[in-house]
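Quick notes on the structure that follows.
Chain identifiers are assigned alphabetically (A, B, ...) following the order of the sequence lines, protein sequences preceding nucleic acid strands; residue numbering begins at 1 within each chain. Scope of the values below: all heavy atoms of this structure, side chains included, with no hydrogens, waters or symmetry mates.
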Amino acid sequence: MNRIQPRRLVRQIGLLGVLSVTAVAVLSGCSSGSSDSSDGGRGFSEAKQDKNSTITVWVDATRVPAVKAFEKANPSIKVKTVTYDGSANGSNSFKTKMALYDRAGKGWPDVVFSSQNNDAAWATQKVAGKQSFAARLDKGLVPEGTLSGFSKGALNPCTVDGGVYCLRNDLAQTVLWYDNSLLKKFGYAVPKTWEEYQALGEKVAKEHPGYIVGSVGDTWTPEVFMWSSKCQANDVTDIRSVTVKTDSTECKRAASMLDTLVANKSLTKLSVFTPDFVKTYTGKVLMMPGPAWFAGAIFNNPESLNVPKGRLGVAAPLAWDGDSAVAGNVGGGTWFISSHSKNLANSAKFAEFVTTDDAYQVNLAPGYPAFSAAADKWVAKQESSGYYATDLSGLLKAGGLVWDGWGFPSFSQEAIWAKTITPLVSSGKSIEENLGTWGTAIKNQAKVNGYQVND
Amino acid sequence: MTTAQSAGSETPSRPAATDDNGIPKEAVSVNRDRKRRQRSIGAVFVAPYAVFMLAFGVLPALYAIYLALTDANGGFTPTANFSKVIDDFRFFAAARHVAFFLVIWLGALLVLVVFLAIVVHAIRSRWLSGTARLFFYLPGALAGASSVMLWLFVLDPVASPAGPLLRALGWDTFTNVIQPSHLPLIFAIIAFWTGAGGWIIVMYGALNNISTEIMEAARIDGANPFQVAIHIQLPLLRKWIAYMAVLSLATGTQLFIEPSLLSQASNAVVPNDYSLNQLAYQYAFDLNDFNGSAAISVMLLVVALLLSAVFVAKGGLFDTEDV
């Protein structure tokens, strides 16, 4: 091997260093954002507006028809569509990308659809003194008449400190789905309370093993069972404070019910979106508490359970004995307008159209519309299809029953449940005995996300 | 990263290039010119690498150090970011996960790779040796993330060709297979499967480089294959083993792809903050705290550098033989 003289080596490296730094500086260039901003009286400082500029909208694949419907209705408005994952399954891509644009000081889209409920919690907060992403909507950007037309509580995930920062696409209230034909065949009645539901589950396990009354295999299990039991695990009381109490009677009764029904196998541990679930339980789902979108995603879906026409029934949320019935909620998308948009007028027009207009929400939307007028028409349309064995009044009723003691913090309750409770359930351990573990995990996560935690 | 860096770097020097006594003066000056030319050509070859290393290695590292020592507004806070991330309840858990993984993986790598390379090298049959090397190398030919994707299927008892085996072990669902206590072993197996083959080829090359005279001499002295391995091959492989350890350590501390993909595939049952690198990612993109993220990265860098220094010193990696 050749020996290289140390001094020469140092000189060469030094020369290379200078050359490369120059090269990098030239390649990357210097960008300085010009800020032509003014206060438009809407609660944030606005970029210089250009009424003819193209608006860029980010949607997931399911929402592409919404953009198409808008373009058809408004051919003069230029729209650029960017398809992304909708921030689904905890990918956080909405937040991640906006954080990068915040650092770059440019590049934000004008309107963004998110399939999550916890985006307002970060999109309304300044980072390092920079303007927050979400434009405030209730100070003139979206008319009061439109905002008040949403179902009661529908804008809760969008409301931070009294201000409204997004429009809700669809509601995801939980109801009790059931197979009417199977129930009749077995001679069972539709339960009215969770106690009756549990008793039915125990009966099914004895009399018809192999049939199920629900699933605990998905990350939204706490939102279906704990939320609708008024378990105070996620009570966001202020912008950055949360009350977490997982040792209450409300939490214990739901946990104990889950333990019993998981042990006797009338609740499956499989996720409803696994091939294994479809293989094992097609034709064997007697009932299933779950969100509104289960209808299209699981029951009336040839790729999934494919329940035939005339069998699927829906009941309003169940109550616990001596308590009022409330619903949980699993998702339901939201539309955000960027506070950095150069075309706020058209962006607002777009967001209003896709959330309220019949052309999308009634004719095309797969989920239960958050906008009341559209929801009524959507339900009427679904009923007239003749698919359901019952009317959909249970769904309508649940829409107004979503319990408001479960909040929308910036962290994901689903992710916490998945990593702390799912492995325990999977290995046959009790949820009730581990409510403390769950509570600690929530508190820890809340703290690192900057929340003040109250017991 | 594998074959190009193999033992082939020690090009056989031509007789004319050596400075032996008794060579005419003109020859020495010609020799010097050639050396100079070789050096400048060498610089040209190294230059593109140096530019990219500065742009994507050194400068980002310096930027990370700057971020770690400042707050979001650029104010100098030498310790705040570090104490913040160390106080995070996830920090020591993540550090423990990475440490477990490293112990299993590096251990397996050091022992098995050297053992397999020596075994393959000892195979006399040409086609069998060739087939074995190809067989070892194949998994490494799949790019990082795609090979992890393959493992998603292998680990799911419903889809896995090893399904019966997994069920025999009592794991009948994907969630059962990926219980938290199984994860370090699972990640180590995935990483070994994807990375070990390349290293076996490197070690094989290094073994080929051991002069046949020494091997011959050992054999004539009556050493059996085991003694040859222990007393001749292992000591001469020392540098290569250290080299493998240093590079693998750097990769291993940055455990990211395996847990990230498994986290997505399991809908977060494998947490998205399992490893230190994932935690750094969470800081940057979940908490929007690039400074905290940089603090974790800098700590990782320091630990990896310290451990590498140990391997370099013990393995004699920077010793030059022909001074």
Side-chain angles (χ1 to χ4, degrees), chain A residues 1-4 8 12-13 15-17 19-21 23-24 27-28 89-93 95-100 102-103 122 125 127-129 217-219 269-271 273-276 279 410-412 414-420 422-423 425-427 440-441 443-445 447-450, chain B residues 9-11 13 17 35 38-39 42-43 46-47 49-56 58-59 71-74 84-85 87-90 156-159 173-176 178-181 263-264 266-274 281-291 320-323:
Chain A
M1 238 184 241
N2 287 327
R3 211 162 15 128
I4 297 171
R8 186 190 285 264
Q12 282 177 344
I13 290 177
L15 183 65
L16 273 176
L19 281 175
S20 348
V21 171
V24 172
L27 284 174
S28 58
N89 291 326
S91 77
N92 259 337
S93 38
K95 188 177 184 178
T96 308
K97 294 282 166 34
M98 295 315 124
L100 288 175
D102 279 344
R103 283 192 84 72
W122 62 264
Q125 303 302 306
V127 176
D218 287 288
T219 52
K269 294 184 211 170
L270 291 176
S271 155
F273 285 118
T274 55
D276 214 10
K279 204 171 85 190
S410 67
F411 53 89
S412 165
E414 295 187 354
I416 298 172
W417 181 272
K419 71 177 170 187
T420 53
T422 306
V425 173
S426 175
S427 56
T440 310
K443 287 175 199 169
N444 281 336
Q445 189 65 48
K447 277 179 204 153
V448 296
N449 280 69
Chain B
S9 62
E10 289 194 36
T11 44
S13 42
K35 272 194 172 178
Q38 276 181 349
R39 270 197 213 111
V46 171
Y49 172 76
V51 170
F52 282 104
M53 187 183 69
L54 271 168
F56 298 110
V58 176
L59 291 182
D71 64 17
N73 296 317
K84 175 178 61 195
V85 295
D87 279 343
D88 189 317
F89 75 104
R90 300 170 292 184
D156 188 343
V158 180
T173 61
F174 184 48
T175 321
N176 272 333
I178 53 167
Q179 287 285 320
S181 56
S263 178
Q264 289 223 339
S266 66
N267 284 329
V269 172
V270 172
N272 58 9
D273 45 28
Y274 183 82
Y281 183 85
Q282 290 298 318
Y283 260 91
F285 297 113
D286 183 44
L287 301 177
N288 217 334
D289 181 352
F290 286 80
N291 306 89
T320 36
E321 301 147 29
D322 45 0
V323 176

- Query: Where on A:Thr219 is there a heavy atom nearer than 4.5 Å to chain B: the side chain, the backbone, both, or neither?
  - Reply: side chain

- Honestly, the part of A:Leu270 sitting under 4.5 Å from a heavy atom of chain B is side chain

- Atom NZ of A:Lys269 and atom OG1 of A:Thr274: how far apart are they, to the nearest 0.5 Å?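 With rounding to 0.5 Å, NZ (A:Lys269) is 13.5 Å from OG1 (A:Thr274).
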
- Item | From CD (B:Gln179) to OG1 (A:Thr422), nearest 0.5 Å |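 With rounding to 0.5 Å, CD (B:Gln179) is 10.0 Å from OG1 (A:Thr422).
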
Using heavy-atom distances under 4.5 Å, tell me whether [X] contacts chain A through its side chain, its backbone, both, or neither.
X	result
B:Asp87	neither
B:Phe290	side chain
B:Pro271	both
B:Phe174	neither

- Query: Of all of B:Asp71, B:Asp156, B:Thr175, B:Thr173, which one pairs up most often with chain A through heavy atoms under 4.5 Å apart?
  - Reply: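 That would be B:Thr175.
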
- Flag the pair A:Lys419 / A:Gln445 as yes when at least one side-chain heavy-atom distance between them is below 4.5 Å, and no otherwise.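 When only atoms from C-beta onward are counted, A:Gln445 and A:Lys419 do touch, with a gap below 4.5 Å.
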
- Item | Residues forming a side-chain hydrogen bond (donor to acceptor under 3.5 Å, both in side chains) with A:Trp122, sequence neighbours excluded |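 A:Trp122 satisfies side-chain hydrogen bond (donor to acceptor under 3.5 Å, both in side chains) with A:Asp119 once adjacent residues are dropped.
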
- Under 3.5 Å side-chain donor-acceptor pair for B:Tyr283 and B:Asp88: yes

